[in-house]
Amino acid sequence: MSSVAGLTGSPSRCCFQVPVGSSASRCRRRVTNLPRAWKPAEKSVLLRAESYWAGVTQRLNARKTHVIKCAMDASFGDMSDEPTAIFPRINVRDPYKRLGISREASEEEIQGARNFLIRQYAGHKPSEDAIESAYDKIIMQQFYDRKNPKIDFKKKFRAVSQSRVVQAVRSRFRTPATQFIVKTSIAFIVLGALTFLFPTEEGPTLQVAISLLATIYFIHERLQSKWRAFLYSAGAFVFSWLVGTFLMVAVIPPIPFIKGLRSFEVITSLITYVLLWVASTYLK
């Protein structure tokens, strides 16, 4: 039941059509099927009813507009007019520096940096393009490196130097005083010069024997042990002569300015002197 200006009636028998709008002047009233008992004696009653329903319509329209705005805010977020953030490294040419990662970064780190920057600078097309371009360059470069691997000599040398064999060999050597290095160097340089300048038909047998005695002397001077000096010197001499022979046969080509029947022995002796100098100077 509804009450309008002191009149009572059933809503089922009364219909007011009000078009959607914000102004009461646009409201159009249509009253149909009114019983005879409801026809007012004065026009003021009908005007009051019209004003009442116009106010109700305005309130409903205002509430509907508010609900629609809230739904849009919930769906699209805060539609503010604030300017979109711009990627500060948009003009950096290096793709790694543009994404803020190192060249040793993994694929997960690269992907994470790209996703983070895309979320942070979403809405600014140049920033998004710069981030995507840097990401694509890095991925393509890594793919090319996997297809065409390069030999990293520094990495290989580091791996070899850190191996157990090399570490064990290096542990057997130490650097002596500078005066001792100069003394051993002079001795073996003199032996090498005599071997090269005065080759004999029998070969550099005398010079090789002197080099063995010099090695025993220098190792004994450092280690102060006769047995160790003799064993180390004999082992170093055999190893040096075998290495020199192998290099002359398999690696080193014939040298034009060293001629003669004993050129092979001369060059082998020179290689032996170098290795004996290393043993007598640095072996511990």
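This structure is a prediction, so every number in the text was calculated from the model and none was measured.
Within the 4.5 Å cutoff, the side chain of Ile219 has no heavy atoms near those of the Phe230 side chain. With contacts defined as side-chain heavy-atom distances shorter than 4.5 Å, the pair Leu283/Phe173 qualifies. Between Thr184 and Phe180 the shortest side-chain heavy-atom distance falls below 4.5 Å. Counting heavy atoms from C-beta on, the side chains of Gln142 and Tyr144 never come closer than 4.5 Å. Side-chain contact between Glu132 and Arg114 is present, with at least one heavy-atom pair separated by less than 4.5 Å. Side-chain contact between Tyr232 and Arg172 is present, with heavy atoms from C-beta onward closer than 4.5 Å. Counting heavy atoms from C-beta outward, Trp241 and Ser269 have side chains that approach closer than 4.5 Å. Taking the side chain as every heavy atom from C-beta outward, Tyr273 and Ile189 never approach each other to under 4.5 Å.
The hydrophobic clustering, which links ILVMFWY residues whose side-chain heavy atoms are closer than 4.5 Å, places Leu276 and Ile210 together. Grouping the Ile, Leu, Val, Met, Phe, Trp and Tyr side chains by contacts below 4.5 angstrom, directly or via other members, places Leu206 apart from Leu213.
If you run side-chain contact (heavy atoms from CB on, under 4.5 Å) between Ile131 and each of Asn115, Asp136, Ile90, Ile118, only Ile118 comes through.
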Exercise. Step by step, would you call Ser280 with Tyr217 a side chain to side chain contact (heavy atoms under 4.5 Å, CB included)?
Worked result: CA-CA 8 Å; Ser280 60; Tyr217 171 77; over 6 Å; no

Exercise. Is there a side chain to side chain contact (heavy atoms under 4.5 Å, CB included) between Gln167 and Ser171 once you walk through the steps?
Worked result: CA-CA 6 Å; Gln167 291 292 335; Ser171 64; over 6 Å; no

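Heavy-atom contacts from other residues, nucleotides or ligands closer than 6.0 Å to NZ of Lys97 number 12 or fewer. Enclosure of atom NZ in Lys284 by more than 12 non-hydrogen atoms of other residues, nucleotides or ligands within 6.0 angstrom is indicated. Heavy atoms of other residues, nucleotides or ligands lying less than 6.0 angstrom from CD of Gln179 number 12 at most.
Taking each heavy atom of Thr195 and Pro204 in turn, the nearest pair found is CG2-CB, 3.4 Å. When all heavy atoms of Asp94 and Arg103 are compared, the closest pair comes out as OD2-NH2, 2.9 Å. Nearest heavy-atom pair, Ser240 versus Leu275, reported as atom, atom and distance to 0.1 Å: OG-CB, 3.1 Å. Closest approach of Arg222 to Pro176, counting heavy atoms only: CD-CB, 4.4 Å. Nearest heavy-atom pair across Ile216 and Ala229 is O-CB, 3.8 Å. Taking each heavy atom of Glu128 and Tyr121 in turn, the nearest pair found is CG-O, 3.8 Å.
Taking NZ of Lys183 as the reference point, atom OG1 of Thr281 lies at 10.0 Å (rounded to 0.5 Å). Considering CD of Gln111 and CD1 of Ile101, their distance stands at 10.5 Å, rounded to 0.5 Å. To the nearest 0.5 Å, atom CZ of residue Arg89 and atom OG of residue Ser127 are 11.0 Å apart.
Judged purely by atom type and a 3.5 angstrom limit, Ser211 uses its side chain to pair as donor or acceptor with the backbone of Val208.
Residues Arg146 and Glu107 are paired through a salt bridge, judged by an N-O separation under 4.0 Å between the basic side chain and the carboxylate.
Between Phe218 and Trp277, the distance separating the two ring centers is not shorter than 6.0 angstrom.
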